[in-house]
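Report on the structure given below.
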Amino acid sequence: MAKSIVVASGKGGVGKTSISVNLGLAMARQGRRTILLDADFGMANAHILIGANPQKFIMDALDGDASMSEVLCDAPHGMKFISGGTGLLEMLNLEKTKRYQAIRMIDELREQTEILIADAPAGASDSSVSFVAAADHVVIVLVGEPTSFLDAYSMIKAASLESNVKNFCIVVNMARSAEEARQHFEKFNATATRFLDVNLTFSGWLPLSERMRRAVVARRPVGLDATDLPENIAFQKISKAVLGSPRNLHGGIRFFADEEAASAGT
Ligand SMILES: Nc1ncnc2c1ncn2[C@@H]1O[C@H](COP(=O)(O)OP(=O)(O)OP(=O)(O)O)[C@@H](O)[C@H]1O
Ligand SMILES: [Mg+2]
């Protein structure tokens with residue numbers, strides 16, 4: 001059964017795209033059929049981190065100019081990738097119906113997908129919340145700054161109150177140690193669960209890493225380097241934690257939604 005994961009944060013620049021790309025590569029490296037969707041429509045940049053040069057974008061499929069398989073681009077380790085397109089003004093403020101249409105069009109890829117990872121845009125706008133609400137597992141990227149805590153809180157609040165999303169996986173990025181990452185999680189968890197009826201799981205952490213920073217400049221993700229690098233060990237652990245976390249089961253517009261209804265009927 002295809003599983004969907006969304007990576008979001010609220011705050012921009014905290015590492016959503018780096019984590020989406022490398023989490024996808026870690027899963028693909030384990031032999032899972034993985035598709036990465038750059039859901040930052042109009043401001044997409046996952047292709048830069050991957051070092052890919054997509055010729056077709058999700059907009060082409062939405063406009064009926066390409067099939068979903070034509071917008072799939074090859075990425076390392078056998079991963080597939082769908083670009084959200086850049087510099088397309090009409091994509092920046094995609095209306096709700098088009099966003100939902102994009103979520104439904106991903107259904108066409110169900111047979112060839114084990115894991116779908118969506119890299120959500122920053123902010124707690126309708127656009128990011130609709131992707132958060134569409135996924136089975138929600139990864140929230142947190143860094144140890146009050147602004148990140150506040151924005152992650154706003155995102156979780158919006159997703160839980162508007163769409164009834166209950167379960168969130170917290171990944172702490174750019175931490176100095178496991179202990180520091182755990183402390184950030186505990187502090188954030190205490191505040192969030194005091195005010196919201198949500199369940200947060202600590203799903204791992206990543207160090208502040210010169211290698212991660214340089215990877216963007218070199219357009220070569222760390223997920224292509226040795227599996228025993230600390231960053232790649234961390235991505236393996238995060239992948240296991242996220243896939244083992246409680247799945248969100250609320251209603252609404254969900255990735256691969258009718259699969260459940262179909263399998264329930266058999
Ligand atoms: N663990 C890390 N250590 C050091 N630098 C990092 C780490 N994770 C991400 N970065 C750097 O932080 C910057 C922002 O990362 P990234 O683009 O992944 O964030 P983002 O949340 O997707 O941003 P946006 O909100 O603009 O989409 C990049 O320059 C990246 O190299
Ligand atoms: Mg990004």
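Counting starts at 1 for both ligands and their atoms, following the listed order.
Classified by interplanar angle (parallel below 30°, tilted 30° to 60°, perpendicular above 60°), the ring pair Phe188/Phe149 is perpendicular.
Linking Ile, Leu, Val, Met, Phe, Trp and Tyr whenever their side-chain heavy atoms come within less than 4.5 Å leaves Tyr153 and Val14 in two separate clusters. Using a 4.5 Å cut-off between side-chain heavy atoms of Ile, Leu, Val, Met, Phe, Trp and Tyr, with links allowed through other members, Ile238 and Val138 fall into different hydrophobic clusters. Criterion: ILVMFWY side-chain heavy atoms under 4.5 Å apart, direct or through other members. Under it, Ile50 and Leu37 are not part of a common hydrophobic cluster.
Closest non-hydrogen pair, Trp205 versus Arg176, comes out as CZ3-C, 4.5 Å. Scanning all heavy atoms of the two residues, the minimum distance from Arg219 to Ile48 falls at NE-O, 3.1 Å.
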Would Lys11 and Ser148 count as a side-chain hydrogen bond (donor to acceptor under 3.5 Å, both in side chains) here? Give the steps. CA-CA 5 Å; Lys11 186 170 163 34; Ser148 167; over 6 Å; no

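Contact annotation: the side chain of Val222 never approaches that of Leu206 to less than 4.5 Å [non-hydrogen atoms, C-beta and beyond]. Between Met68 and Ile82 there is a side-chain heavy-atom pair separated by less than 4.5 Å.
Protein N/O/S atoms closer than 2.8 Å to the Mg ion (ligand 2): Thr17 OG1.
Residues of the protein with a heavy atom under 4.0 Å from ligand 1 are Gly12, Gly13, Val14, Gly15, Lys16, Thr17, Ser18, Asp40, Ala122, Asn173, Met174, Pro207, Leu208, Ser209, Met212, Arg213, Val216, listed by chain and number.
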